[in-house]
A.B. asks: 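Here it is: the structure, laid out below.
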Amino acid sequence: MRHLLLAILLSLWLAVPAQAREWLRAETPHFTIYSDGYPMELERWAKKLEWFDQILRREIGAKSARPVGEPLTVYLLEDAKAVQQVTGQRYLAGIYYQSSEGPFLIANRKPGYRKEELSGQATLFHEYAHHFMYRNSTAAYPAWYREGFAEYVSTVAFDIDRHYTFGAPTYHRLKQLKKRDVAVNTLLNSEVDDIEAKHRANFYAWSWLLTHLLKSDPARPRQLDAYLAAFARGASPEQAAQVFGDLDALEQQLRTYAETDLLYRRSREPLGETPEVKAEALGPVGSQLLELHLARQVGQSPDEALGALRQLAAAHPGNADVLAELAALELRMALATRDLTLLDEADAAIDRALATDPAHPVASVLKAQSAMQRSRITGGKAAIDWRAIRQRLVNALRADPDNALAMAELFRTHLSERSRPSPFAYAAIERAFALQPETGRIRTLYAISLGLRGRFDEAKALAQVLVSDPHRTVQGTRALATLRRMEAASRVPDEGEIE
């Protein structure tokens with residue numbers, strides 16, 4: 001009997017890949033959170049994130065506590081080392097991505113045992129602050145303020161009675177202030193990529209301190225608001241900075257501020273209750289699939305991930321989710337390499353997924369994308385049935401009415417065909433933008449849709465936000481130029497103009 005029990009346990013152990021971790025999922029109004037930790041731990045993190053969202057809305061004055069757009073996907077890993085392994089990037093504790101499949105962020109759960117140590121919570125709050133700014137603002141921000149604001153709010157801490165502290169010092173940044181000065185002019189006129197990697201920590205530190213000063217000195221907050229408004233309108237950094245007056249005086253004030261005890265405050269009113277959260281296990285197959293999905297999202301080791309997905313699909317031939325993930329990776333690799341064999345394999349995986357689940361929303365979108373990509377890879381030689389492609393996307397929306405990618409692709413089919421969009425396509429891209437206003441591609445497509453309806457001022461304002469964002473200036477400049485040509489000629493743009 002003992003030998004039989006050992007044999008059963010061994011067979012169960014062998015059935016699960018050695019590298020697989022058990023992942024959990026928790027859902028809240030604003031977040032879908034995945035963690036490879038413990039259930040109660042994940043439930044606490046979910047509450048913290050909902051509270052933090054409440055705080056940002058309260059402090060910044062967001063109009064509604066209702067979810068704006070679709071929930072953000074969050075991956076919580078054990079520590080910074082795990083984040084670096086997943087992303088393939090060194091010196092990284094967390095990161096925010098704006099993917100065409102939906103925004104997501106990766107952070108870690110490690111506590112900060114010393115006040116000078118960067119904690120997982122501070123990293124998570126920093127990255128979510130970036131998303132919050134993109135999701136809830138109609139304007140872009142300069143680099144120093146994006147990073148300074150995210151650092152400024154990252155130190156939020158909760159009391160047992162749901163009160164919170166706001167604006168507390170970022171102690172690991174205080175240490176960096178003493179290592180190297182960064183001039184105010186440099187802060188106001190630089191993008192992160194302009195700063196040498198070894199000096200970026202100092203850039204973040206001084207950006208945080210400048211943000212703290214401008215929000216704390218009673219004379220400065222209005223200046224900050226005026227500066228940000230000017231920057232959003234397209235003023236140069238030098239023009240926008242004129243609202244601060246004498247920059248030498250601001251610099252001297254900042255140096256003095258670095259030597260003072262920074263003030264912060266405790267909330268007067270407690271935070272509201274959050275909905276009950278229950279962590280659910282994904283199981284061995286779901287856990288492995290999640291890791292492979294994340295690897296594709298961040299672009300890590302595609303060949304290795306492809307081999308693992310093919311093994312998983314062979315072991316679970318009736319799992320439509322696995323087949324769709326395999327097809328998504330094969331399709332991405334086929335487009336990058338212009339490999340028609342890989343494209344055929346992607347089509348085969350899509351067809352197997354749809355045979356298993358005819359209404360599978362991801363597989364339906366992939367089927368439409370595959371047909372369009374085949375036409376592009378073959379230089380237009382492959383026949384393309386636009387009616388069938390659009391029907392696939394409509395099928396995806398029937399199964400998942402809030403599928404922003406399907407909505408955007410439906411509108412994009414008309415640009416690819418160079419035909420006037422249908423009323424349904426216009427409504428789809430408008431809804432996609434409402435769900436994902438932070439996604440550059442969707443914003444661009446929505447701006448084009450407004451231009452096609454003669455609403456050029458609104459369209460150009462949307463594109464200007466991208467132009468003002470140093471990370472997306474090229475994309476925004478191209479979209480703005482397309483809109484101006486459309487305005488002059490009143491024509492349907494070529495899809496290639498808005499890539």
Side-chain angles (χ1 to χ4, degrees), residues 17 19-20 86-88 97 99-102 285-286 288-393 395-396 399 403 405-406 408-410 412-413 415-418 441 494-496 498-499:
Q19 75 275 17
V86 165
T87 61
Y97 289 88
S99 162
S100 62
E101 295 177 47
V285 176
Q288 188 177 3
L289 182 60
L290 181 73
E291 292 196 2
L292 292 168
H293 172 76
L294 185 53
R296 177 175 66 81
Q297 288 280 75
V298 301
Q300 265 286 82
S301 309
D303 292 328
E304 184 179 331
L306 181 60
L309 273 168
R310 285 175 172 169
Q311 286 183 354
L312 194 61
H316 303 276
N319 189 314
D321 292 336
V322 172
L323 291 166
E325 185 61 38
L326 170 61
L329 181 57
E330 289 174 333
L331 189 59
R332 175 179 290 184
M333 295 174 70
L335 182 61
T337 60
R338 309 186 76 79
D339 186 334
L340 286 173
T341 300
L342 259 179
L343 189 59
D344 290 339
E345 291 171 349
D347 274 331
I350 295 167
D351 290 340
R352 295 202 306 275
L354 290 172
T356 301
D357 180 0
H360 197 280
V362 176
S364 295
V365 173
L366 289 171
K367 188 69 175 176
Q369 289 178 324
S370 175
M372 290 188 282
Q373 301 301 7
R374 186 175 295 275
S375 178
R376 292 182 68 178
I377 290 174
T378 60
K381 294 178 182 178
I384 189 161
D385 185 341
W386 292 109
R387 184 174 180 179
I389 287 174
R390 289 180 190 124
Q391 187 58 55
R392 288 289 184 189
L393 294 168
N395 291 346
N403 189 322
L405 179 59
E409 291 293 74
L410 181 65
R412 189 168 71 93
T413 62
L415 300 184
S416 297
E417 191 188 13
R418 296 185 60 72
R441 184 173 180 79
D494 187 338
E495 184 197 2
I498 61 168
E499 285 295 332

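We count residues from 1, following the sequence as given.
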A.B. asks: Could you tell me whether Glu409 and Arg390 have a side-chain N and a carboxylate O separated by less than 4.0 Å?
C.D. replies: no

A.B. asks: Counting only heavy atoms not in Glu304, do more than 12 fall under 6.0 Å of its CD?
C.D. replies: no

A.B. asks: What residues form a side-chain contact (heavy atoms from CB on, under 4.5 Å) with Gln311, not counting sequence neighbours?
C.D. replies: none

A.B. asks: Got a donor-acceptor contact below 3.5 angstrom from the Ser364 side chain to the His360 backbone?
C.D. replies: yes

A.B. asks: Flag the pair Arg352 and Asp357 as a salt bridge only when some basic side-chain nitrogen lies within less than 4.0 angstrom of an acidic carboxylate oxygen.
C.D. replies: no

A.B. asks: May I ask you to decide whether Glu417 forms a salt bridge with Arg412, counting only side-chain N to carboxylate O separations under 4.0 Å?
C.D. replies: no

A.B. asks: Can you name the closest pair of heavy atoms from Ile384 and Ser375 and give their distance?
C.D. replies: CD1-CB, 4.1 Å

A.B. asks: What is the minimum heavy-atom distance between Ile350 and Ala363, and which atoms define it?
C.D. replies: CG2-O, 3.5 Å

A.B. asks: What residues, two or more places apart in sequence or in another chain, satisfy side-chain contact (heavy atoms from CB on, under 4.5 Å) together with Pro358?
C.D. replies: none

A.B. asks: Return yes if some donor-acceptor pair links the side-chain N/O of Arg392 with the main-chain N/O of Lys367 below 3.5 Å, else return no.
C.D. replies: no

A.B. asks: Output the distance between atom CD1 (Ile389) and atom CD (Gln391), rounded to the nearest 0.5 Å.
C.D. replies: 12.0 Å

A.B. asks: If every non-hydrogen atom of Trp386 is compared with every non-hydrogen atom of Thr413, which pair is closest and at what distance?
C.D. replies: CZ3-O, 3.7 Å

A.B. asks: Would Glu345 and Arg310 count as a side chain to side chain contact (heavy atoms under 4.5 Å, CB included) here? Give the steps.
C.D. replies: CA-CA 11 Å; Glu345 291 171 349; Arg310 285 175 172 169; 2.6 Å; yes

A.B. asks: Which atoms form the tightest heavy-atom contact between Ala334 and Ile377, and what is the distance?
C.D. replies: O-CD1, 3.8 Å

A.B. asks: I'd like to know if the side chain of Arg374 reaches the main chain of Gln369, judged simply by a donor and an acceptor atom lying under 3.5 Å from each other, with no hydrogens or angles considered.
C.D. replies: no

A.B. asks: Which pair of non-hydrogen atoms, one from Glu325 and one from Leu292, has the smallest distance, and what is that distance?
C.D. replies: OE2-O, 4.1 Å

